[in-house]
Amino acid sequence: MKANNHTFIDSKTYEIIKDEQIIEVDDAIAETISVLNKKGYKTKYCCSGHVKDIFRYDRQVCDISLLDENKFKEDFVEYFITNITDTNFSLITPREFTAIYIKFLNDYNFQELPIGFIKYPKWDDKLKDYSKTCFDLIEYKVSYYQDKMIRTIKDVEEEINKYNKLLLEWANNLPDINERND
């Protein structure tokens, strides 16, 4: 599979670089992903968090029985209800956060995570549910809102940068997978 439908060419030899030689990741998390994979913690995909989503809205079609404007006022900073029918309606809400995350190929049973990061369970295809014991994703959510007010882009960017640095420090302090004692 080609990364973003581009072909990459070596800037020194001008030879085409085969797609399987390339892993495309966000700049802010690239060093972390490199460190983790070199140490044996193989990753599947990742994201460093993106401020550009700050003004994006999400639309979801909901069952009409869920139409409760009082509940929406509690749950969302703002919302819009459209396309009401006898059976459903569309709920449009602003994107409330961006996330810094890494999906690993395996559960590496990390005993400690970077401050603020949470681990999430692996999807079990056989059970068609999330595992109760296997965790293969770590994530930190950066909220676009504080006290129901939208934060500045600068504040969100600073938090993204801070937690990407914490993630890199964590990766640098992990032992190589072959040196672990668990």
Side-chain angles (χ1 to χ4, degrees), residues 1-13 15-54 56 58-60 75 93-145 151 155-182:
M1 178 171 75
K2 287 187 173 186
N4 289 333
N5 296 318
H6 290 96
T7 298
F8 296 92
I9 297 176
D10 186 293
S11 64
K12 291 185 178 35
T13 66
E15 294 295 322
I16 292 175
I17 300 170
K18 294 185 171 133
D19 289 341
E20 61 269 10
Q21 293 176 292
I22 296 176
I23 300 171
E24 186 176 15
V25 299
D26 298 338
D27 290 344
I29 202 168
E31 189 175 353
T32 300
I33 297 304
S34 175
V35 167
L36 289 167
N37 282 278
K38 286 176 184 176
K39 290 184 172 191
Y41 304 97
K42 300 302 179 193
T43 61
K44 190 170 184 179
Y45 54 82
C46 61
C47 183
S48 66
H50 301 281
V51 179
K52 68 181 179 184
D53 291 338
I54 202 163
R56 189 169 166 186
D58 292 323
R59 178 182 175 269
Q60 54 190 334
D75 291 349
T93 58
R95 173 109 357 126
E96 294 192 34
F97 64 88
T98 187
I100 302 165
Y101 60 83
I102 300 173
K103 173 84 166 180
F104 293 89
L105 287 178
N106 298 301
D107 179 356
Y108 293 109
N109 193 25
F110 296 117
Q111 299 303 309
E112 291 185 29
L113 295 176
I115 294 169
F117 279 77
I118 297 171
K119 56 185 175 180
Y120 288 92
K122 182 176 186 172
W123 177 258
D124 189 324
D125 283 330
K126 291 177 188 170
L127 296 175
K128 301 291 184 216
D129 198 1
Y130 289 97
S131 169
K132 306 284 187 250
T133 58
C134 187
F135 298 84
D136 66 347
L137 185 132
I138 63 171
E139 178 182 67
Y140 176 81
K141 290 181 181 176
V142 179
S143 177
Y144 292 145
Y145 293 86
R151 297 171 64 197
D155 286 345
V156 173
E157 285 176 341
E158 286 175 357
E159 187 172 351
I160 288 170
N161 291 336
K162 173 183 175 180
Y163 282 88
N164 273 293
K165 286 178 184 172
L166 287 171
L167 188 61
L168 177 58
E169 288 172 17
W170 171 77
N172 281 327
N173 288 320
L174 284 172
D176 284 3
I177 194 114
N178 296 326
E179 297 171 3
R180 287 179 55 170
N181 295 327
D182 47 61

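Fair warning: this is a prediction, and the values are worked out from it, not measured in the lab.
- The aromatic rings of Y108 and Y41 sit perpendicular, their planes meeting at an angle over 60°, well past the 30° parallel limit.
- Remark: N164 CG to E159 CD distance equals 11.0 Å, nearest 0.5 Å.
- In this structure, I115 places its CD1 atom where only 12 or fewer heavy-atom neighbours from other residues, nucleotides or ligands lie under 6.0 Å away.
- When the shell of 6.0 Å around CG of D129 is examined, it contains more than 12 heavy atoms from other residues, nucleotides or ligands.
- Heavy-atom minimum distance, Y163 versus I100: CB-CD1, 3.7 Å.
- Of all non-hydrogen atoms in K12 and D10, the two that sit nearest each other are N-OD1, 2.7 Å.
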(request) Using the side-chain contact (heavy atoms from CB on, under 4.5 Å) rule, take D26 and C47 through it: C-alpha gap first, then chi angles, then the decisive distance, then the call. (result) CA-CA 6 Å; D26 298 338; C47 183; 3.8 Å; yes
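- N106 contributes atom CG, which lies 6.0 Å from atom NZ of K122 (distance to the nearest 0.5 angstrom).
- Expressed to the nearest 0.5 Å, how far CD1 of I160 lies from OH of Y140 amounts to 10.0 Å.
- Screening residues 99-121 for salt bridge (Lys or Arg N to Asp or Glu O under 4.0 Å), with sequence neighbours left out, gives K103-D136.
- By the neighbour-count criterion of 12 heavy atoms within 6.0 Å, atom CD of E139 is densely surrounded, having more than that number from other residues, nucleotides or ligands.
- I23 meets the side chain to side chain contact (heavy atoms under 4.5 Å, CB included) test with V25; sequence neighbours excluded.
- A donor atom on one side chain and an acceptor atom on the other are found under 3.5 Å apart for N37 and T43.
- If you look at F104 and F110, their ring centroids are closer than 6.0 Å.
- Atom OG in S143 sits 13.0 Å away from atom CZ in R95 (nearest 0.5 Å).
- Screening I29, N172, I33 against L167 for a side-chain contact (heavy atoms from CB on, under 4.5 Å) leaves a single residue, I29.
- For Y130, the OH atom counts as loosely surrounded, since its 6.0 Å shell holds 12 or fewer non-hydrogen atoms of other residues, nucleotides or ligands.
- In this structure, K39 contributes its side chain and L36 its backbone to no donor-acceptor pair below 3.5 Å.
- T98 places no side-chain N or O within donor-acceptor distance of the main-chain N or O of V51, the cut-off being under 3.5 Å.
- Across all their heavy atoms, V142 and R151 have their closest contact at CG1-NH1, 4.0 Å.
- Here CG of L168 is found 4.0 Å from OG1 of T32. Values are rounded to the nearest 0.5 Å.
- The line from CG of L174 to CD of E179 is 11.0 Å long, rounded to the nearest 0.5 Å.
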(request) For the pair F135 and L113, evaluate side-chain contact (heavy atoms from CB on, under 4.5 Å) and give the outcome as yes or no after the intermediate values. (result) CA-CA 12 Å; F135 298 84; L113 295 176; over 6 Å; no
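- Summarising the local packing, NZ of K165 is surrounded by 12 or fewer heavy atoms from other residues, nucleotides or ligands at distances under 6.0 Å.
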